[in-house]
Amino acid sequence: MPHTTNPAILSDREKDIRLFLDALNVELPSVNMAHGDEYVMIKLDPHAASLFRALNDKAVVFGYRLKGKVYPLSVVFLQGEKDVRFCHSTLLLDSYENETWMIPALRKAVTDFFSREAAFLLCSLEPTWVSAPLTGQSDCRIYWNVKPELKIVKDLFLEKFGEVVEIPLFPSVYYYNNPYDENLLEESLPDLGDCKDVLVLGTGAGLEAVCIALKYGIFVDATDINPLAVANTTAACRRTGTDRLVSAWVSDGFSKVTKKYDAIIFEAPLATEEKKIEDPNRYDFGGVLLKAILKALPDHLNEKGRLYLMSCPDLGPFAQECGIRGQVMRYFKAKSDVAIHKIWCD
């Protein structure tokens, strides 16, 4: 008896996989019953591969076509230059919980493929990897069910849901439970009661946008230069029921932001003088982005609007002739000295 499924009925995880692949600009082959069961390799474009810091900007979506439909199983890439690691970002098989009949076949396909000789395996994925000096492997997987541990977030979730809601986290996006999110939320969230429109500039894992929408029931815009961060925000909003209030899109700073806001939340990349930046999500060479944001700020704040900024303690070198004023709300130390600033226009 043939197995049938309703393609409109997807598990939360399969919806998240589609978000993840859309963010990477990956289009899966259409269902085609004329094809037999087979492995499918889809190369990522260089920009998408660079989000994983993939060697030579090469990465591959590894999948398997079963009964005509292609199931993505993993994103595979290499990292490093001298010590090169074989990395994979696993798309768990139990994501397809509405099609449980095929999970054993997919597990067997994965086991068979990765049991083959290394040279054949690498050549099948990306021929240039065969000569790479591999020294190990790493699992850069998606975290499907993360429970935020920050007290301010847990308290809010418990108040609204009676439990701490599980939300996914895509690779290359900063983890939910870090001191940057904690300090920024503790200072900014209680101060937004009079706001109607808020922008989270650099949405990261989406936690700030979710918390603002959840606490006040107001509209929140969320932008980030990393499309996976935008996808992660959308996924987090779906899981918390705030998707009707949050709009998320890709923007480099204010480049694709056109309106004014009552408040802007910005966990800024820390200014650095190191020219070779391994992590542009966290570090900003010469503070170029920070200078641009502060200079353009008057065009994006309503009257009495303010920016809550996580950045270096001394903004003097970055805020000259910007027509802004501010105060430090909190100092704290993470990997370096950091401060939370409240900034407004003269």
Side-chain angles (χ1 to χ4, degrees), residues 13-14 16-29 37-66 70-96 102-146 168-175 205 226-229 231-232 276-282:
R13 287 189 183 179
E14 193 164 4
D16 292 340
I17 285 179
R18 294 194 175 192
L19 270 176
F20 177 73
L21 295 177
D22 286 346
L24 296 174
N25 199 29
V26 172
E27 184 174 348
L28 294 177
D37 297 349
E38 61 183 349
Y39 295 105
V40 177
M41 315 297 175
I42 305 171
K43 292 186 178 181
L44 297 188
D45 64 49
H47 173 66
S50 73
L51 298 174
F52 300 95
R53 289 185 283 171
L55 181 64
N56 297 325
D57 290 339
K58 292 184 178 181
V60 177
V61 176
F62 165 72
Y64 192 70
R65 186 188 295 275
L66 182 63
V70 174
Y71 295 89
L73 301 174
S74 187
V75 178
V76 185
F77 51 98
L78 306 184
Q79 275 186 350
E81 295 179 359
K82 294 182 180 179
D83 297 323
V84 180
R85 290 174 296 145
F86 179 86
C87 303
H88 52 95
S89 177
T90 306
L91 309 174
L92 300 180
L93 295 178
D94 58 5
S95 303
Y96 306 110
M102 51 66 186
I103 289 179
L106 291 181
R107 289 192 186 280
K108 184 177 187 306
V110 172
T111 300
D112 289 348
F113 183 82
F114 286 98
S115 296
R116 297 180 182 183
E117 185 181 73
F120 175 86
L121 185 152
L122 292 170
C123 187
S124 300
L125 293 166
E126 167 54 54
T128 62
W129 291 350
V130 174
S131 59
L134 293 178
T135 58
Q137 61 179 342
S138 179
D139 182 5
C140 303
R141 67 188 188 277
I142 293 175
Y143 293 93
W144 291 109
N145 295 298
V146 178
L169 187 70
F170 299 141
S172 87
V173 178
Y174 270 86
Y175 197 64
N226 183 346
L228 286 178
N232 201 84
K276 187 176 181 181
I277 300 175
E278 291 188 0
D279 189 352
N281 288 303
R282 183 57 65 195

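Numbering of residues begins at 1 and proceeds along the displayed sequence.
The heavy-atom pair separating Gln79 from Arg53 by the smallest distance is CG-O, 3.4 Å. Pairing each heavy atom of Gly80 with each of Leu55, the nearest pair is O-CD1, 3.1 Å.
Side-chain contact between Pro171 and Phe52 is present, with heavy atoms from C-beta onward closer than 4.5 Å. Taking 4.5 Å as the limit, every side-chain heavy atom of Asp45 sits out of range of all side-chain heavy atoms of Asp57. Asn232 is not listed as a side-chain neighbour of Leu19, based on a closest heavy-atom distance of 4.5 Å or more. Here the side chains of His88 and Leu73 are not in contact, with every heavy-atom distance at 4.5 Å or above. For the pair His47 and Pro227, the minimum side-chain heavy-atom distance is below 4.5 Å. Considering only heavy atoms from C-beta on, Ser89 comes within 4.5 Å of Ile142 through its side chain. Between Val75 and Val60 there is no side-chain heavy-atom pair separated by less than 4.5 Å. Between Pro72 and Leu28 the shortest side-chain heavy-atom distance falls below 4.5 Å.
A salt bridge links Asp112 to Lys108: one of the charged nitrogens lies within less than 4.0 Å of a carboxylate oxygen.
Judged by distance alone, the side chains of Ser172 and Asn226 do bring a donor and an acceptor atom under 3.5 Å apart. Using a 3.5 Å distance cut-off with no hydrogens or angles, the side chains of Gln137 and Arg85 do not pair a donor with an acceptor.
Heavy atoms from other residues, nucleotides or ligands lying under 6.0 Å from CG of Asn25 number 12 at most.
Ring planes of Phe86 and Trp129: perpendicular class, angle over 60° (limits at 30 and 60°). Relative ring orientation between Tyr39 and Phe62 is described as parallel, the plane-to-plane angle staying below 30° on a 0-90° scale split at 30° and 60°.
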Going through the distances and angles, do Tyr64 and Tyr71 end up as a ring pair (Phe, Tyr, Trp, His ring centres under 6.0 Å)?
CA-CA 5 Å; Tyr64 192 70; Tyr71 295 89; 8.7 Å; no
